[in-house]
Amino acid sequence: MKKIINNPDRALQEMVEGIAAAYPNEVKQLPETTVIVRKDAPVSNKVGIVSGGGSGHEPAHAGYIGKGMLDAAVSGEVFTSPTPDQVLEAIKAVDSGKGVFLVIKNYTGDVINFDMAAELAEAEGIEVEKVVVNDDVAVEDSSFTTGRRGIAGTVFVHKIAGAIAEQGGSLQEVKAVAEKVVENVRSMGMALTSCIVPAAGKPSFQLEDNEMEIGIGIHGEPGIERKEMATAHEIAKELTEKVLNDRDFSESDVAVMVNGLGATPEMELYIVNKSVQEILKEKGIKVYKTFVGEYMTSLEMAGCSVSLLKLDDEIKSLLNAESSAPAFRI
Amino acid sequence: MKKIINNPDRALQEMVEGIAAAYPNEVKQLPETTVIVRKDAPVSNKVGIVSGGGSGHEPAHAGYIGKGMLDAAVSGEVFTSPTPDQVLEAIKAVDSGKGVFLVIKNYTGDVINFDMAAELAEAEGIEVEKVVVNDDVAVEDSSFTTGRRGIAGTVFVHKIAGAIAEQGGSLQEVKAVAEKVVENVRSMGMALTSCIVPAAGKPSFQLEDNEMEIGIGIHGEPGIERKEMATAHEIAKELTEKVLNDRDFSESDVAVMVNGLGATPEMELYIVNKSVQEILKEKGIKVYKTFVGEYMTSLEMAGCSVSLLKLDDEIKSLLNAESSAPAFRI
Amino acid sequence: MGLQVTEAVEWMKRINEKIHINKEYLTSLDQPIGDGDHGINMARGFQEVSNKITMENYENVAELLKDVAMTLMSKVGGASGPLFGTAFLKMSLVAKGSDTINHDNITRMLEEAVNGVKQRGKAVEGEKTLIDVWSPMVEYFKRVDRFKAGEIAGEAKKAMENTKDIMATKGRAAYFKEKSIGHIDPGAATSFYMFEALSEVIKAGEK
Amino acid sequence: MGLQVTEAVEWMKRINEKIHINKEYLTSLDQPIGDGDHGINMARGFQEVSNKITMENYENVAELLKDVAMTLMSKVGGASGPLFGTAFLKMSLVAKGSDTINHDNITRMLEEAVNGVKQRGKAVEGEKTLIDVWSPMVEYFKRVDRFKAGEIAGEAKKAMENTKDIMATKGRAAYFKEKSIGHIDPGAATSFYMFEALSEVIKAGEK
Ligand SMILES: Nc1ncnc2c1ncn2[C@@H]1O[C@H](COP(=O)(O)OP(=O)(O)O)[C@@H](O)[C@H]1O
Ligand SMILES: Nc1ncnc2c1ncn2[C@@H]1O[C@H](COP(=O)(O)OP(=O)(O)O)[C@@H](O)[C@H]1O
Ligand SMILES: [Mg+2]
Ligand SMILES: [Mg+2]
Ligand SMILES: [Mg+2]
Ligand SMILES: [Mg+2]
């Protein structure tokens, strides 16, 4: 394992300090936590938006802190949900009295830890609401199982929940629009390589030179299907069609996200984007806005995901609203 | 070699089309070229800013096109300077009559091809000026040799030349401030892995598991020195001190860029940033603004570079000026 | 016999030891059907437990178990942190007022632990989780009328191994559906070490 | 004897062939002291040259050489594209008005080519570049009084091999300073193939 770190056990803490040191005018680290909040938190008369999860997904989640997006991001150990006490600190730091909204990705750990934090916060008199993002169509949607994972589509939820909160929306209004985004966003990912959890020191799985994993998550877990390596166009087609088969996007305006998982050259993301746009055009789906880059990563995994968000006028206007988050400036 | 491409011979063209397809309201591709220009080019009464070079450095250079930054980016084959005819097309497309300014990284190929384009443009009556960026302190500065390479510091030149042009600066004013930035910016990089030029199909060099290359460029070339792998702090120290030894930054306000080369998890960049900030603080150097992320990459190379830009009031205000470039929004 | 504070502390330290020895193994169980952090998570958590309880003087086992629970909840994260945390918290609640952990109260402690985990994890038996060790252990303790050190580890091991044949429907392993079959559940393996440690402490007490 | 259009076309096609056969070798020369694209660049360029000249009918060698130059300049990029482009452009200018490339004009053609490259590349002899093949070849052609097919390739090869001992001061290899010693310059190797192809075409014409 070659990584630019000092010690796997201190990587999380040092990263958080490095983020705080990078943007001292915009954010601050809550003392003795791995929580980063807006410098001006709590913003008075605004619903606080909190997200987070394991680390290793950077720029998620701290990169999305800013005016018009998140108020706080809680980082756990690499790929490990943060603990309830950390989430609680975040909630307390961003509550202005108007309540706090949690954006949670649908993983057992994230759901449990954030839920526990919400209970603790409510016990302290803070109103808390949440949404659980489950955009990954690689996994079957089922109420009998863990259900779908939350992946890159989560960034759209951050953006739009953050925008309505910034505009003064109530906790219930934030929740309503966040739920609408969750209903309307779908994603699918693939990987060429695994990644290395620093504390594990070796790749989470092995792929041969002619293999790829389809239906990958963002925690270095293997995908749903191992296949022979294909062309960019075939990959774009497979991901996009899986997304389109899952939800009716026809005749819609959509936002597209082609997300790199960490080690994919941007060149390749743009080649994928070319095919995605062609495929959508063929199907009569109108692309309103496109995002290409690294938004929700998996350490140094090579691969990408494609997300589609179906838009209506409300979501469009919230998507276009100003955001000062370093990793999602609009 | 595993890459998400269709064919190495078409990768450049398809990437350029993918960029154009991603931002149809902001940019356009000049037909039958690999040139991307601002949608509204030429912007009347504004000096046009053109940059470019080989591809494989994304988001450089097309990601820096936008109001307040570049007017055009010319992409060559991977790591290969674009040809004069392509650069000429870019110059012609962005000239509003106020002249065109070229930001060139100091590589023989880039310098020659851009110079030839400038000569051709001047023959067509377009006024052209240029700056050659050579921020890489890994290479000795010498007028008897090729001299220093241009690396990540180039992004600061784009930003600041773009800002003054947007404010209506004349060609000479743009040139003067761009030269000031070049005089005041220094960078140094290192790598943990090589990268794979698609058409070559194999890594440009090999590094063992306990080795790193110090003084790396951005074209997959080996570094100046091969060393035993070190900690993030040691790496940050070596890069920062090399930069500080080259130019007097003491008592200055600086902008910092911790740049990922393509496959480095952002987590690691922030860990490096933590050390860089500590080192600068110790030396009494005041950090005015920090940029952490992938700004000037080398395909899927793992590694990073550290750049420092010494600031005065003029450069500060230009650095802070609005930019709508997707990869450098301010 | 029963476990007094000293033995209960010893139990926790043995869990910590076992988890450290098997940290890589536990992580490797979490790689094919999870995200490869289970051993790392549990080792971090039980190291903190061990540090914490070494520094404290407990008057009763309930207090000790509560500290274990809180430490796991605030140091592990992931799914396993709050779930094992809940298990120990529930055990602590049942143990309140008792001086020891003994055969009389262990069944109720484990039963409450399982219920707590089920509620937190929205899971039941047969979903390939740590419940599939804890729940059979409740049944086992119900069946026997006293601590039988020689049996406990074996029962837990059997339960752990049975998770191999289950198709996961909860936790990360659920994403792999049929492909999750054939792998031992990492949380079940950690649970086995917990019961193995328990049996060793009981055995030591019998001497 | 001299090269008429047909032979000059044959010369270019042979260069193309040699570069394609040695594409990986040329690229591998560019890896330790460059960016590993030289073979790729030259193969792309000469493939385009070959396509272009196959489609055209040239009246004289100057026109042919001009197309070669323009194609290299607009299809290769990097340092080598404009530099070899300049070399062929200068040769074309000298060849203007001549029906053939022969021993009388080749010296002047190469001399002008070298001057053009030197000016464009701001380089001189001894900096470990393609100049270190072209310039010795000028000297060679000055020394002899007629085309000697048997010697040309050997002379070029010697010059190419001599670049091994030079420390680079221009081009990417200059970044490696002392470490550039011991490697053949990629552009010099390509230049050798150009002269080797020339000698073969001359030899074929002698028969
Ligand atoms: N819903 C659930 N109910 C009970 N136990 C669960 C549930 N989800 C996961 N687990 C347990 O947690 C273990 C995984 O723990 P760990 O790897 O530390 O956390 P994570 O899955 O968040 O990475 C699984 O092996 C399983 O035993
Ligand atoms: N300044 C220069 N003058 C003459 N030749 C040069 C100069 N710089 C580079 N070259 C030649 O160009 C060759 C490299 O070509 P190539 O690899 O295709 O371009 P790049 O260096 O841009 O990647 C070198 O081997 C050398 O022969
Ligand atoms: Mg985990
Ligand atoms: Mg090159
Ligand atoms: Mg896990
Ligand atoms: Mg080269």
Side-chain angles (χ1 to χ4, degrees), chain B residues 8-9 34 53-54 56 74-88 107-117 136 138-140 142-149 194-206 215-226 298, chain D residues 23-24 26-28 30-45 47-48 70-86 89 116-117 119-124 126-130 167-180 183 187:
Chain B
D9 297 339
T34 56
V74 194
S75 296
E77 293 291 334
V78 172
F79 299 160
T80 301
S81 335
T83 53
D85 52 313
Q86 301 278 316
V87 181
L88 177 62
Y107 299 96
T108 310
D110 285 15
V111 171
I112 295 179
N113 287 288
F114 276 75
D115 273 0
M116 288 172 77
D136 185 359
V139 177
E140 219 172 313
S142 155
S143 51
F144 296 108
T145 70
T146 301
R148 283 178 163 165
R149 300 177 285 212
S194 179
C195 57
I196 301 176
V197 175
K202 62 183 177 109
S204 302
F205 60 88
Q206 290 290 350
I216 204 84
I218 52 170
H219 297 86
E221 64 272 59
I224 300 308
E225 200 184 345
R226 185 163 294 198
S298 198
Chain D
K23 180 176 160 181
E24 290 202 10
L26 288 171
T27 294
S28 76
D30 197 31
Q31 283 180 332
I33 56 169
D35 59 348
D37 61 357
H38 185 67
I40 301 163
N41 290 345
M42 296 313 303
R44 182 177 60 246
Q47 187 56 55
E48 295 278 355
M70 297 316 290
T71 304
L72 292 177
M73 284 199 199
S74 67
K75 298 297 178 187
V76 178
S80 50
L83 291 174
F84 282 116
T86 298
L89 191 64
V117 170
Q119 215 175 1
R120 263 293 158 221
K122 300 197 173 69
V124 296
E127 302 207 83
K128 198 182 187 97
T129 70
L130 57 94
M167 182 171 90
T169 46
K170 289 289 149 66
R172 289 175 190 284
Y175 308 140
F176 300 98
K177 294 200 286 188
E178 297 77 20
K179 284 198 229 157
S180 66
H183 299 274

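Chain letters run A, B, ... following the sequence lines, proteins first, then strands; residues in each count from 1.
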Let me check something: any side-chain donor-acceptor pairs from residues 74-81 of chain D under 3.5 Å, sequence neighbours excluded? List them with distances.
unit_1: D:Ser74; atom_1: OG; unit_2: D:Met70; atom_2: O; d: 3.0

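In this structure, no portion of B:Pro8 lies under 4.5 Å from any heavy atom of chain D. Neither the backbone nor the side chain of D:Glu24 comes within less than 4.5 Å of any heavy atom of chain B. If you measure heavy-atom distances from D:Leu83 to chain B, the contacts under 4.5 Å come from the side chain alone. For chain D, the nearby parts of B:Phe79 are the backbone and the side chain; heavy atoms of each come within less than 4.5 Å. Of the two parts of B:Glu225, only the backbone, made up of N, CA, C and O, holds a non-hydrogen atom closer than 4.5 Å to a non-hydrogen atom of chain D.
For the atom pair OG1 of D:Thr27 and NZ of B:Lys202, the computed distance is 8.0 Å after rounding to the nearest 0.5 Å. Here the CD1 atom belonging to D:Ile33 is positioned 12.0 Å from the CD atom belonging to B:Glu221, to the nearest 0.5 angstrom. Separation of atoms CD (D:Gln119) and CD1 (B:Ile112) is listed at 11.5 Å; rounding is to 0.5 Å.
What you find for D:Gln31 and B:Pro222 is that their closest heavy atoms are O-CD, 3.4 Å. Closest of all the heavy-atom pairs between B:Val197 and D:Asp35 is CG2-O, 4.3 Å. Here the closest heavy-atom approach between residue B:Asp115 and residue D:Lys122 is recorded as OD2-NZ, 4.3 Å. Of all non-hydrogen atoms in D:Pro82 and B:Met116, the two that sit nearest each other are CB-SD, 3.5 Å. When every heavy atom of D:Gly36 is checked against every heavy atom of B:Ala200, the shortest pair comes out as O-CB, 4.3 Å.
Here the side chain of D:Lys177 pairs no donor or acceptor atom with the backbone of B:Val139 at under 3.5 angstrom.
Residue with the most contacts toward chain D among B:Gly220, B:Gly223, B:Ala199: B:Ala199 (heavy-atom pairs, distance under 4.5 Å). Contacts with chain D were tallied for B:Gly76, B:Gly53, B:Ser81, B:Gly217; B:Ser81 has the most, counting heavy-atom pairs under 4.5 Å. Contact count versus chain D (heavy atoms, under 4.5 Å) is highest, among B:Asp110, B:Thr83, B:Val78, for B:Thr83. Chain D forms more heavy-atom pairs under 4.5 Å with one residue of B:Thr146, B:Asn113, B:Thr108 than with any other, namely B:Thr146.
Every residue two or more places apart in sequence or in another chain was checked for a ring-ring contact (aromatic ring centres under 6.0 Å, His included) with B:Phe114, and none qualifies.
Looking at B:Tyr107 and D:Arg172, their side chains come closer than 4.5 Å, going by heavy atoms from C-beta outward.
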